[in-house]
Amino acid sequence: MASEAKYKTDLWVDWCPACGNFGILLALQKALAELELPPEKVVDVSGIGCSGKTSHFLNANGVHGLHGRGIPFAEGIKIANPELTVIVNAGDGDLLGIGAGHFVAFGRRNLDIKVFLHDNQVYGLTKGQASPTLRKGEKVKAMPIPNMQDWVNPISIALASGFTFVARGYALWIDDLKELMKAAIKHKGAALLDILQPCPTYNNLYTPDTYKDKLYKLEADKSWDPIVKEGTKEEIEEKLSKAYIKSQEWGDKIPVGIFYVNPYVETYTDTISKLNPLYATIPPAKQSIAKDDGTPIIGIDDFRKAFDNYIIKVKNKK
Ligand SMILES: Cc1ncc(C[n+]2csc(CCOP(=O)(O)OP(=O)(O)O)c2C)c(N)n1
Ligand code: SF4
Ligand SMILES: [Mg+2]
């Protein structure tokens, strides 16, 4: 089996000592190695933040984008070339603060992209302000007063937005995290992996000591069955409701593991392929953009024709 060394770069990994991001990076390198994905077929898209440095430390294609815009960059890449494995590594501020609109719209599309949310409850890179996942009334050390705003629950919002794979991992349980990453990557559709990530420099509330007594594994309960098996409306509603109720659990006990998986939803790129069969054989990234003499080819005519035909068919059905 390929070793994770294949995915390491020779850059000095400059996160603070004991940062949870080290565990996330190692789990990701191990997951990619065990899945035997060639680095040239993997794209890691990062936003801005400490988490955003992941793309520099992973030997794969990487885009270190703009704060809050990891998802739209990733969407463009996946739509242009659906054969790539596209992963977003971004912070809780990035994905649920400035980028929250993209997060919700992404769930609706069910694009086959994996969102790994580095959930440290702070804006690490900008020195420890509260992020959207810090609870109301909590105060981490750089804050002058306790948090005045309520939190955003990443699991609940992902379920409500249409993500078809929703799970939570912990940065220091590297083997479990690696397995969750593998499951997310293998799932065909939009995946959220909320990764609880200690930030020893700025978050003095959610430390490894805090998590030690609170975290428990969903899989330990043999009756917990988060995977949609038949795809009926009733089954989906039942599993979604149970996942939502479970997502509200946060306090003395914090669940880690898979909350919900629905493999029955068509992906966005499959929908496009149905509209235009050409898309499946020659996606945009593989089309020529210029003729031999250098004149640009505008390649949207076939797509437009297919789309017009589709509209005509739909209208005729009415
Ligand atoms: C458009 C824009 N707004 C604000 C910033 C400043 N900024 C950089 S990183 C960051 C927050 C990072 O927090 P998070 O996304 O949680 O990542 P972490 O550092 O915790 O991994 C902010 C506000 C920016 N770079 N760009
Ligand atoms: S500030 Fe926090 S999240 Fe950022 S590198 Fe340091 S420990 Fe990690
Ligand atoms: Mg953060």
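Numbering of ligands and ligand atoms starts at 1, following listing order.
- Residue-and-atom listing of protein N/O/S atoms under 2.8 Å from atom 6 (Fe) of ligand 2, sorted by chain and number: C16 SG.
- Within a 6.0 Å radius of NZ in K242, no more than 12 heavy atoms belonging to other residues, nucleotides or ligands are found.
- Here V122 meets the criterion, with an N, O or S atom under 2.8 Å of the Mg ion (ligand 3).
- Ring centers of F57 and F22: at least 6.0 Å apart, outside the cut-off.
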| field | Evaluation steps, side-chain contact (heavy atoms from CB on, under 4.5 Å), between T54 and I24 | value | CA-CA 9 Å; T54 308; I24 299 176; 5.9 Å; no

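- Not one N/O/S atom of T133, from backbone or side chain, sits under 2.8 Å from the Mg ion (ligand 3).
- With rounding to the nearest 0.5 Å, the separation of CZ in R135 from CG in N153 is 7.0 Å.
- Test N21, D92, D94, D194 against H118 for side chain to side chain donor-acceptor pair (under 3.5 Å) and you get one pass: N21.
- Rounding to the nearest 0.5 Å places CD of Q129 at 12.0 Å from CG of N147.
- Heavy atoms of N120 found under 4.0 angstrom from ligand 2 belong exclusively to the side chain.
- In terms of distance to the Mg ion (ligand 3), the nearest N, O or S atom of D92 is named OD1.
- Of the listed options A90, G20, C50, C50 places a heavy atom closest to atom 19 (O) of ligand 1.
- Within the 4.0 Å heavy-atom criterion, both parts of D92, backbone and side chain, lie near ligand 1.
- Under 4.0 angstrom from ligand 1, the non-hydrogen atoms of N120 all belong to its side chain.
- Of all the heavy atoms of H118, none lies under 4.0 Å from any atom of ligand 2, so neither backbone nor side chain is involved.
- Atom 21 (O) of ligand 1 has as its closest protein heavy atom S51 OG, 2.8 Å.
- Within the model, atoms CD1 of I48 and CG of L66 stand 6.5 Å from one another, a figure rounded to the nearest 0.5 Å.
- Heavy-atom distances between Q197 and ligand 2 reach below 4.0 Å in at least one pair.
- On a distance-only criterion, Y123 and ligand 1 share no N/O pair closer than 3.5 Å.
- Between H187 and F165, the ring planes lie tilted relative to each other; the angle falls in the 30° to 60° range.
- Coordination check, D119 versus the Mg ion (ligand 3): failed, since every N/O/S atom of the residue sits at 2.8 Å or beyond.
- Under 4.0 Å from ligand 1, not a single heavy atom of S131 appears.
- Under 4.0 Å from ligand 1, the heavy atoms of V122 that appear belong solely to its backbone.
- The protein heavy-atom contact nearest to atom 7 (N) of ligand 1 is T126 CG2, 3.5 Å.
- The nearest protein atom to atom 14 (P) of ligand 1, hydrogens excluded, is given as G93 N, 3.7 Å; this is a heavy-atom distance.
- Taking the six-membered ring for Trp, Y202 and Y123 have ring centres at least 6.0 Å apart.
- Residue-ligand proximity, G91 to ligand 1, at heavy-atom distances under 4.0 Å covers atoms 14 (P), 15 (O), 16 (O), 17 (O).
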| field | Derivation of the side chain to side chain donor-acceptor pair (under 3.5 Å) call for Y206 and E138 | value | CA-CA 11 Å; Y206 291 94; E138 290 179 339; 2.6 Å; yes

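- Given atom 1 (C) of ligand 1, the protein heavy atom at minimum distance is I98 CD1, 3.7 Å.
- In this structure, of K127, H67, Q129, the residue bringing a heavy atom nearest to atom 4 (C) of ligand 1 is H67.
- Atoms CD and CG, on Q29 and N59 in that order, are 9.0 Å from each other to the nearest 0.5 Å.
- For a threshold of 3.5 Å applied to N or O pairs, the pair formed by L125 and ligand 1 contains at least one separation below that value.
- For ligand 1, the polar-atom distance check finds an N/O of D94 within less than 3.5 Å of one of the ligand's N/O atoms.
- Using the six-membered ring where Trp is involved, W250 and W151 have ring planes that are tilted, between 30° and 60° apart.
- In the displayed structure, Y211 atom OH is contacted under 6.0 Å by more than 12 heavy atoms of other residues, nucleotides or ligands.
- Annotation for K139: atom NZ counts as buried by contact number, over 12 foreign heavy atoms lying within 6.0 Å.
- Distance check: L58 CG to K53 NZ gives 16.0 Å after rounding to the nearest 0.5 Å.
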